[in-house]
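Hydrogens, waters and symmetry mates play no part in the numbers below; they use all other heavy atoms, side chains included. Quick note: residue numbers are just sequence positions, from 1.
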Amino acid sequence: MVYSKSKTFSTGVRVLTIRDLAKRAGVSVATVSRVLNNYPDVSEETKHKVLALVQEMNFRPSNAARSLVTRRSNIIGVFFLQDHIDSMILHPFFQEVIVGFKRAVGKRGYDLLFFTSQKPGDGDFTYLKRCRHHQVDGVVLMGVNRTDPQMIELTASGLPCMSVDVDMLGSRAGYVLSNNEEGARQAVRHLVSLGHKEIALINGPTTSRPGHDRLIGYREAMAEAGLTYRSEYVHNFDFTWQHGYESMQKLLDLPDRPTAVFASADLMAMGAIKAIRERGLHVPEDIAMVGFDDIEVASMVHPALTTIRQDKEAMGKAAGENLVRLIEDPGFAPPVITMKTELIVRESCGASPL
């Protein structure tokens with residue numbers, strides 16, 4: 001256990017150190033350090049004496065001292081690096097993910113450091129160098145561009161990494177995803193079961209793993225039902241409310257508008273519903289709607305949104321628990337975790353097409 005001389009701050013409060021413990025116990029500083037670090041070569045009598053004093057004096061070794069012994073900072077870096085970082089942090093999906101992640105790593109004594117979205121002013125001060133500068137033990141990546149050279153450098157560096165909704169893999173880097181293809185198939189199959197044939201897709205970017213996989217699932221389910229893929233029915237851009245709203249306007253302008261829409265995020269579905277209402281149409285009577293995520297507000301809007309549920313908090317928890325294992329166990333293999341999705345049927349696609 002590393003120690004320092006006891007200090008008295010301007011408030012007059014004296015901070016206890018390992019030296020104080022050693023003096024009270026009548027043993028050496030090295031002996032106290034061995035007790036605190038649970039070394040076996042210390043007598044039971046000495047252990048009992050030192051640990052009793054630890055409790056009596058309410059002694060807590062400082063984080064700085066502990067980090068010198070363990071060579072860990074107990075800090076985990078968090079990267080949100082999409083262009084729309086503010087909307088990313090505020091996005092209900094990522095809010096629930098980060099809650100699960102924070103709880104998982106917090107139980108193991110780790111704190112979080114959020115990195116800013118701006119590129120470093122010094123071009124040589126890469127994301128990896130920023131991580132090393134702040135001495136983080138590992139990082140979690142959310143909403144990052146998997147083709148970003150700095151992200152690739154980071155996940156290839158050997159620094160423990162876990163990503164959520166991004167398939168970044170490396171020697172010490174794993175990831176957590178939902179089964180996005182199956183979720184998309186569930187959404188389309190449900191609409192097909194209601195008799196819909198003209199089914200549109202409002203999707204995120206296909207450069208992202210979720211956007212890519214949900215497009216594949218949509219196309220597979222359409223083909224499975226014997227339905228023709230129509231490019232004018234598919235809009236790929238981002239996972240925002242605005243994209244849902246604008247894409248739905250374009251779909252409504254078509255001479256042969258769809259009778260149903262699968263929006264690959266609940267926020268997009270809500271934007272689409274607003275566009276439908278502005279045209280004097282109704283959901284689900286005129287156009288059925290299915291979303292993706294099952295954010296909290298999905299059950300509160302009118303009509304309540306049929307959606308594909310992702311267990312967002314569980315995704316964050318899995319990322320957190322596995323990142324801690326990567327940090328603490330050099331022999332632990334980086335995991336690839338795929339979590340199930342679930343169709344949640346509510347009111348927004350209850351009617352068959354006209």
Side-chain angles (χ1 to χ4, degrees), residues 1-79 95-115 130-140 158-162 172 174 313-332 334-335:
M1 177 65 66
V2 176
Y3 64 94
S4 60
K5 294 181 179 179
S6 56
K7 299 178 181 178
T8 302
F9 293 98
S10 58
T11 57
V13 177
R14 184 172 178 276
V15 179
L16 295 173
T17 69
I18 194 171
R19 188 185 294 273
D20 299 314
L21 275 178
K23 186 176 181 180
R24 285 282 301 273
V27 297
S28 69
V29 169
T31 298
V32 173
S33 177
R34 299 186 77 78
V35 171
L36 295 178
N37 286 285
N38 201 30
Y39 281 85
D41 56 344
V42 182
S43 71
E44 289 300 318
E45 180 182 355
T46 300
K47 281 184 182 179
H48 178 77
K49 180 191 294 186
V50 171
L51 293 176
L53 281 171
V54 166
Q55 185 172 6
E56 176 188 332
M57 299 170 70
N58 196 27
F59 174 78
R60 294 292 184 272
S62 71
N63 285 335
R66 185 185 291 110
S67 69
L68 288 172
V69 173
T70 64
R71 296 187 179 181
R72 296 197 194 112
S73 64
N74 281 70
I75 297 174
I76 289 172
V78 181
F79 278 94
Q95 286 184 355
E96 292 190 46
V97 169
I98 202 67
V99 165
F101 182 84
K102 180 184 68 173
R103 287 175 177 167
V105 301
K107 288 179 180 178
R108 300 298 298 270
Y110 290 85
D111 290 317
L112 302 182
L113 171 65
F114 281 75
F115 286 92
R130 293 168 76 185
C131 288
R132 288 175 173 164
H133 174 76
H134 291 285
Q135 299 180 323
V136 298
D137 295 330
V139 294
V140 63
L159 179 70
C161 301
M162 283 294 295
R172 303 296 295 154
E313 190 167 334
M315 292 173 74
K317 179 182 178 183
E321 290 176 344
N322 283 280
L323 180 56
V324 170
R325 287 196 66 185
L326 284 167
I327 292 169
E328 298 183 355
D329 181 1
F332 178 58

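The pair Glu328-Arg108 meets the salt-bridge criterion, with a side-chain N (NZ, NE, NH1 or NH2) lying under 4.0 Å from an Asp/Glu carboxylate O. Looking at Arg24 and Glu56, a side-chain N of the basic residue comes within less than 4.0 Å of a carboxylate O on the acidic one, giving a salt bridge.
Proximity of Val35 to Leu51: side-chain heavy atoms (C-beta onward) are separated by under 4.5 Å at one or more points. Within the 4.5 Å cutoff, the side chain of His134 has no heavy atoms near those of the Ile75 side chain. Looking only at side-chain heavy atoms (C-beta outward), Phe332 and Val324 stay at 4.5 Å or farther from each other.
Nearest heavy atoms, Lys317 versus Ala104: O-CB, 3.7 Å. Taking both residues in full, the closest heavy atoms of Val140 and Ile76 are given as N-CG2, 4.4 Å, listed atom of the first, atom of the second, then distance.
No donor-acceptor pair closer than 3.5 Å links the side chain of Asp329 to the backbone N or O of Arg325. Under the 3.5 Å distance criterion, the side-chain polar atoms of Arg172 are left unmatched by any main-chain donor or acceptor of Pro334. At distances below 3.5 Å, not a single donor-acceptor pair connects side-chain atoms of Arg103 with backbone N or O atoms of Gly316. Remark: the backbone N or O of Tyr110 is not paired with any side-chain donor or acceptor of Asn74 at under 3.5 angstrom. Between the Asp137 side chain and the Ser73 main chain, a donor and an acceptor come within less than 3.5 Å of each other.
Within the model, atoms NE2 of His133 and CD of Gln135 stand 8.5 Å from one another, a figure rounded to the nearest 0.5 Å. Rounding to the nearest 0.5 Å places CZ of Phe79 at 8.5 Å from SG of Cys161. In this structure, the separation between OG1 on Thr31 and CG on Asp41 is 9.0 Å, given to the nearest 0.5 Å. Residue Leu53 holds its CG atom at 9.5 Å from NE2 of His48, rounded to the nearest 0.5 Å. Atoms CZ and CZ, from Phe115 and Arg130 in turn, are 6.5 Å apart once rounded to the nearest 0.5 Å. Rounding to the nearest 0.5 angstrom, the gap separating the CG atom in Leu326 from the CE atom in Met162 is 6.5 Å.
Exactly one residue among Val136, Leu323, Val139 makes a side-chain contact (heavy atoms from CB on, under 4.5 Å) with Pro160. That residue is Leu323.
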